[in-house]
Amino acid sequence: MYRCVKTFFLVGLLFLGLGALAQEQITLSLAYPTWFTDYPRFLNWYIPAFEKWMAALGTPVKIEVMELPAPDDPYREATLLRLAAGTHADIFADDTFYIPADALAGYLLNLTPYVEAWPEWKFWVPAAKDAITFQGKVWGLNRDTDVRPMYYRKDIFKLAGLPVPWQPTSWEDILEAARAIKAKRAEIAEEIGVSDVIPIAFKAGILGGEATTMQGFYMLLLGAGGRLYDAESGKWVAKSSALLDTLKFYHKIYIEERLSVEPEFWMAGAPVDKIHLYLSNVGQRPKEPALAMLVTWDGVWYDTVNPQHERYIPDPPGRDAVLAYCKMPAKEPGAGIRGQDFVTISGGWGMVINAATQYPDIAFEFLKFVHSKGEMLANRIAVPGSIRLPARWDLIEDPVYQKLATSYDVFCATELVPLTTVRPGLPEYPKVSDLVQEATEKILLGEKPEDVLEWYAGTLAAMVGAENVIELP
Amino acid sequence: MKKNLGVLAILLVPAFVLWSIFMLGPAIWGIRLTFTNEALTGPAARDPEFIGLANYQRLMRDPYFWGSVYRSFVFVLGSAIIGQAGLGLLLAMLTSERRRVWSRIRLTGRLATTLCWLAWVTPETLIGWCWISFLDYNGVLNQTIKALGFEPVYWMVRYGMLSIILANIWWGTGWSMMLFKAALESIPREVEEAADVDGASSWQKFRYVILPLLRRPIFVNVLLITIWTYGVFGLPFMMTGGGPGHRTELMTIYAYKTGFKYFEIAYGTTVSIGILFITLILALVYHRLLARKA
Amino acid sequence: MLKRYLSVALNHLVFLAIATYFLAPLTWLFTSAFRENPSVWVEFKGFTLENFPKVFTGETAIWVRNSLFIALTTAIIAIGCSFLAAYPFARFEFRGKTLSLFLLVLSMTIPLSAVMLPTFSLARFLRLHNTLFGVALVIAARQIPMGIWVTKEFITSIPIELEEAAWVDGASRWTTIRRVILPLCGPGLAVIGLMSFVAGWGDFTTNLILINSEKLYPISMGLYRASIEATSWGYVSVDYGVMCAIGLLYLIPPMLAFLFTHRYLVKGMVLGAVKQ
């Protein structure tokens, strides 16, 4: 009898011990875009380092990588499907553009209590904070943000007799430069060794996707002092003079004065890729034209010196001899939002935590690790071209970072970031963005700006509800 | 051997189960979906709820939907009714072996029909691939045009509808051609010979003898390919994706975009119901016609 | 005499025009498959067969494998289900037979794109989403009505005496089906098998809505993705040579399949739409 009890007791202890051991193994999953340049770093450094650190702290953790398809659209679809099915990763990367909708869907963990307890949160730059905040709550962390300058071709400008370096201060400056280039396009084309020279391009059309809205439409709209959403009244802007000015500018360069590509260019093939190839064409593609001016995102500066990249500018002449950047001006000095003379806008991706995760604290530890100043600096060193515009100002001011920073990074960080703003953090935004893209396409198809604005106002009201729109002067 | 109900059931079960789940199921599930606001993101993803007929009301007021109905109609009219049936009939007639000139034109005739048939067996995405390479701004057609000294055109942009119609005709004519060929061959020779004896010209023979006999097959086939063409999705989607703007957005493409671009599953299904509705009515007419023995 | 010449010439012209229409889009495909890393321009230099082995290494090999899997699985499922279900329809009278037949045939004419989204939603619910098997099931389901119809005709044409002879010898119903009916249905099942194979091989829409992972792409999705990634026919970010080679290979199975089933197809058309 006693022997029975003893065996029972020992067996029970054994099971308890095994059970305790089994419970030790915590597993989290991570989904990170495979086409990002620092994806290998997550596999080779962040995950193993974090696992070792947690093990040393006494709570061993295993992080598994969940591979999702590339690029953006399939990744988004896969993300949503898994979130809806409840099978998505504990930690994943989300375009900040989608955070409002996903937060409302209940997919994301509210990180506000976590960040408020984190001493390093105070280092976050306002523009970066805005991108991950929705309805006053923080839904993720981001390591960097991006901005949009205007790029121009020094070689074309010199041949056109325009001043280099160049910093336009109004839309009229831009138009004048475009006209000057257009007048001499044949000679310049022959000189450089390309089929034609296109003076200017602003991304347009539905195929351009979000790039059309952010890098084309928004850059002009902000410069005209307008926005798509009026935070004061809490309504979407259906009509405003700024919207009309923007549409008129598109009309001017594409239809009236034909200072750009054929309007149909934006409705076929992969126009955004092509337009960048034109920008970086110094004669290596003689049957293609070259583009003199383009507003696009800051990553292009690094693509053009990467021999693996299709936008590579071969040396000779090399990127620095032909490509330069400047700030995108407002319509006139002081006409931009907040009375600014120059404008830009930011987007970027962030890392978020699945609301359904079983280990929110550990997940946040991982995020803290990846977003720490030391790790971000190391990332910057290990993966060239990454973390160019850090979300933390303590990193921006760090001497090592500043040493690594090229003059371009300094330009972006010091001159553009203070001017920047973000897109409306609302779930309807993607649809409004589509509407904007369609509006630019209507201009490309030859409709009058006033008519297109009427259409935009009507369709917007139908889409979000007439009580949610406002007309501004 | 007496009928064993058990055996009967077992034999029918696999097919019945598969068919119910994947053919009947989606239709019924779809109808249920249209009464909800199910979506993959946004507030509805958290709490999908029954919203009654709201989706249908939205559908009725949706200009993009009605636009797509019109565009699908144009697409069907152009590519199926006029295009495939017309070209198929023409080819079938011209390559009839009963024609007097046939022996002289056999080579080119066979060439045309073989290529037509080859186009029909080509898988859908390959057709898209070929036609995109043909109509693209830097594609074969523009290369030919440039070589002849003319200006190239953005074909799929400026003539979007025409492009997808032509591509769909290219794809589907083979079926109609084969069917009409079979129909022509089933016309008894004596009837034709009688007309020849009576001294009828080719045209008169066609109009008064052959055409009446072909009326039923033509009508039945046109109905069938109309139904099929309403459901065409992959080819136009791959070529123009509904663009530029919404100019080539057929009902099928609009349904897909609503479901997979905006992730509004329930509303996208409602749009699909529109397609289902049209094809169902046409299908019922078709089966009525088939069942009725002339 | 002149009239005859004119008539012949006109016929030739029409045929050549039609032939050009059907040939033109294929020109770049055929020429590029045999060139190394070709550009968008149709040129005739540099003949090589290298692209074809390249199809079977790397990314495109996965596509071929997936397409084969889907096509074969579809064919097997379709043959199996159709054959089993066709027997009762051919030999038995039962309640709901006419209705079932009617529903089967009716469902055949409803296109997949009309139920794209509910199919997607349903497949997710059944956890068949993002699986090749799920794709095969959906495609096979759509082949069943025709499969049953075709096999039914075949079985009906098999004299009942053959079965009765087997029963007299003591065989069960099931054995008779296996040993007597099945072999005689061979040709019919082959036709269904081929047509289902082709349906699975060429399918695009089902794959587009159900598959979300690059490792599971069949050839149709591969070509679609390539057409998007090709920075518009002008820049080689995609190896056009390999793509066109795989395109040609993609074309071959349906071509062969239809060469074999062509006669049967026409016969079916005659019975169906043409018979007055």
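Not measured: the values here are computed from a predicted model. Residue numbering restarts at 1 for every chain, and letters A, B, ... go by the order of the sequence lines.
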Heavy-atom closest pair, residues [X] and [Y]:
X      : Y      : answer
B:E124 : C:T205 : OE1-OG1, 4.5 Å
C:I148 : B:A15  : CD1-CB, 4.2 Å
C:L223 : B:W129 : O-CE3, 3.8 Å
C:A141 : B:F22  : CB-CB, 3.5 Å
B:A112 : C:F22  : O-CD1, 4.4 Å
C:L103 : B:W19  : O-CZ2, 3.9 Å

Among the listed options [options], the residue most often paired with chain B at heavy-atom distances under 4.5 Å:
options                       : answer
C:F89, C:F125, C:F102         : C:F125
C:S82, C:G247, C:A140, C:G202 : C:G247
C:I209, C:L248, C:T20         : C:I209
C:L106, C:I77, C:T119         : C:L106
C:C81, C:P25, C:A19           : C:P25
C:A86, C:S100, C:P88, C:G80   : C:P88

- Message: Suppose we screen for side-chain hydrogen bond (donor to acceptor under 3.5 Å, both in side chains). Which residues come up paired with B:T229, at least two apart in sequence or across chains?
- Response: none
Quick one: does any side-chain atom of [X] pair with a main-chain N or O of [Y] as donor and acceptor, under 3.5 Å?
X      : Y      : value
C:Y87  : B:L11  : no
C:S113 : B:G231 : yes
C:Y21  : B:L166 : yes
C:W28  : B:V140 : no

Relative to chain C, which segment of [X] carries a heavy atom at a distance below 4.5 Å: side chain, backbone, both, or neither?
X      : answer
B:L87  : side chain
B:T173 : side chain
B:I265 : both
B:I169 : both
B:F237 : side chain
B:A119 : side chain
B:L91  : side chain
B:I187 : neither
B:I127 : neither
B:E185 : neither

Does [X] reach the side chain of [Y], with side-chain heavy atoms less than 4.5 Å apart?
X      : Y      : value
B:I275 : C:V115 : no
C:S121 : B:L33  : yes
C:P145 : B:M23  : yes

Taking every heavy-atom pair that is under 4.5 Å apart, which of [options] has the most such pairs with chain C?
options                        : answer
B:F16, B:Y256, B:F277          : B:Y256
B:L284, B:L24, B:L90, B:L224   : B:L284
B:A283, B:A255, B:G109, B:C116 : B:C116
B:W29, B:F134, B:F233          : B:W29
B:T279, B:T252, B:L126         : B:L126

With only heavy atoms counted, which part of [X] is less than 4.5 Å from chain B, the side chain, the backbone, both or neither?
X      : answer
C:V14  : side chain
C:F83  : neither
C:L256 : neither
C:P253 : neither
C:L16  : side chain
C:L126 : side chain

- Message: Between B:W120 and C:F258 (judged by ring centroids, cut-off 6.0 Å), do the two rings come close enough to count as a pair?
- Response: yes
[atom2] on [Y] to [atom1] on [X], rounded to 0.5 Å:
X      : Y      : atom1 : atom2 : value
C:L117 : B:T34  : CG    : OG1   : 11.5 Å
C:I144 : B:L18  : CD1   : CG    : 4.0 Å
B:R110 : C:F15  : CZ    : CZ    : 10.5 Å
B:T114 : C:L23  : OG1   : CG    : 11.5 Å
B:I227 : C:I110 : CD1   : CD1   : 7.0 Å
B:I105 : C:S7   : CD1   : OG    : 7.0 Å

- What class does the angle between the rings of B:F260 and C:F120 fall in, given that below 30° is parallel, 30 to 60° is tilted and above 60° is perpendicular? perpendicular
